[in-house]
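Contents: one structure, followed by commentary.
One-based numbering, in listed order, for ligands and for the atoms of each. Note that the structure is predicted; figures quoted are calculated from it, not measured.
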Amino acid sequence: MTQPISFDKTSERFSGLITSALRRNLPPRGAYPPEIHEAMRYACLDGGKRFRPVLVLAACEAVGGDPKQALLPACAVELIHAYSLVHDDLPALDNDELRRGKPSCHKQFGEALAILTGDALLTHAFQLLSRVRPAAKAVQLMSELSYAAGSQGMIGGQVADIQFARGGNDVAVLDYISQHKTGRLIQASAVLGAVMGTGSQAQIQKIRRYGQAVGFAFQVVDDIMDADGYLRLMDPEEARRKAASLIQKAKHEAETLGKKSGPLLGLADFLLERMVPNYAAVDSKN
Ligand code: GRG
């Protein structure tokens, strides 16, 4: 049986590579007009767990590829993630003043520039994917990622979330929100990695199912940590069981990939571990 390799270990191995690739592949700070390039770099370059790009590299490795070959797609998913955070923090959405321990992008640069920063990060992600060779692979990656980020993916989930916040009480709608708003980008991260690793169709399908379960679990765990979302509709124990069962499903899929799946198992376990201390805190409040 393959042993999990902890997220911390995998992140230690990959984070430096990811940050250098982001630095290299973002437009330089001084490029004209400098304000937008400074804001783009501000939104991406420090902070964040880098869960999604680490997942891209781990999935590439799990199917037998060289993770360094997957750095462009890893940057692309992190840019889309950063864009979603910049836009989500805007006054019209969550109105958050802080992000990753510093002023959110609109607090630092103003609302107009923050809107444009999100737009530029989203667009630049696809510019990076267009550089992948062979070109047929680039098209496959762009198709996968644009679908995951669009109105039938992350944006669809966000729209459903806005409606749910007006008084929704249906777990099925909450499941849709988690799977789309948060889940699709995480799932696409795993699939992009497997495609870059030239995985077989069977391997890519396994990674797709793994990514679906991990992406879904990510949001359930986030709700447990925030005492929000699912905890409005179910008790903490039920939400914890839901997350644990998704994580188990993800690990089952990853295990069938064989001996290089240790980091994918560790990424799934990381979610379980995040939930434990906060779950205890939530439980004691009830
Ligand atoms: C507004 C375009 C737009 C999309 C909205 C993904 C999303 C949809 C909004 C982001 C805000 C949010 C709370 C999403 C839920 C997923 C989540 C918990 C994101 C935070 O991801 P982490 O924990 O963040 O990986 P770091 O900072 O570690 O990268």
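- From the protein, the heavy atom lying nearest to atom 24 (O) of ligand 1 is His81 NE2, 3.5 Å.
- Of the candidates Ile186, Leu185, Asp88, Asp88 brings a heavy atom nearest to atom 9 (C) of ligand 1.
- Two residues are said to be in side-chain contact when any heavy atoms from C-beta on lie closer than 4.5 Å; Phe126 and Ser146 meet this criterion.
- Remark: ligand 1 atoms within the under-4.0 Å shell around heavy atoms of Ile155 are 2 (C).
- In terms of protein heavy-atom proximity, atom 23 (O) of ligand 1 is nearest to Lys49 NZ, 2.5 Å.
- From the protein, the heavy atom lying nearest to atom 27 (O) of ligand 1 is Arg100 NE, 2.9 Å.
- Ligand 1 places these atoms under 4.0 Å from at least one heavy atom of Gly48: 26 (P), 27 (O), 28 (O), 29 (O).
- Of the protein's heavy atoms, Lys181 CE, 4.0 Å lies nearest to atom 14 (C) of ligand 1.
- Contact atoms of ligand 1 toward Gln219: 15 (C), 16 (C) (distance under 4.0 Å to a heavy atom of the residue).
- The shortest contact between atom 19 (C) of ligand 1 and any protein heavy atom is with Arg52 NH2, 3.9 Å.
- Considering only non-hydrogen protein atoms, atom 17 (C) of ligand 1 sits nearest to Phe218 CE2, 4.1 Å.
- Below 3.5 Å of separation, one finds no N or O of Arg50 facing any N or O of ligand 1.
- Regarding atom 4 (C) of ligand 1, its nearest protein heavy-atom neighbour is Ser84 CB, 3.9 Å.
- In terms of protein heavy-atom proximity, atom 5 (C) of ligand 1 is nearest to Gln158 OE1, 3.3 Å.
- Within ligand 1, counting atoms from 1 as listed, the ones closer than 4.0 Å to a heavy atom of Asp222 are 18 (C).
- Considering CG of Leu174 and CE of Met234, their distance stands at 7.0 Å, rounded to 0.5 Å.
- Defined by atom type and a distance below 3.5 Å, a donor-acceptor pair is missing between the side-chain atoms of Tyr230 and Asp222.
- Residue Leu128 is tested with Leu79, Leu71, Leu26 for a side-chain contact (heavy atoms from CB on, under 4.5 Å); the sole match is Leu79.
- Looking only at atom types and distance, the side chain of Ser84 has no donor-acceptor partner in the side chain of Lys181 under 3.5 Å away.
- The Leu85 neighbourhood of ligand 1 comprises atoms 10 (C), with distances under 4.0 Å to a heavy atom of that residue.
- Neither Ile18 nor Ile5 shares a network with the other; the hydrophobic side chains, linked directly or stepwise wherever heavy atoms of I, L, V, M, F, W or Y lie under 4.5 Å apart, form separate groups for each.
- By the 3.5 Å distance cut-off applied to N or O atoms, Tyr83 is not counted among the residues near ligand 1.
- Below 30°, between 30° and 60°, or above 60°: for Tyr83 and His87 the angle between ring planes is above 60°, a perpendicular geometry.
- Counting heavy atoms from C-beta on, the side chains of His106 and Pro91 come closer than 4.5 Å.
- Among Ile80, Asp161, Thr182, Asp223, the residue whose heavy atom sits closest to atom 16 (C) of ligand 1 is Thr182.
- With Phe216 as the aromatic partner, Lys242 does not meet the cation-pi criteria of under 6.0 angstrom to the ring centre and within 45 degrees of the ring axis.
- Cation-pi geometry between Arg52 and Phe218 is satisfied (NZ or CZ under 6.0 Å from the ring centre, within 45° of the ring normal).
- Each of Leu22, Val56, Leu55, Val77 was scored for a side-chain contact (heavy atoms from CB on, under 4.5 Å) with Arg50, with one residue passing: Leu22.
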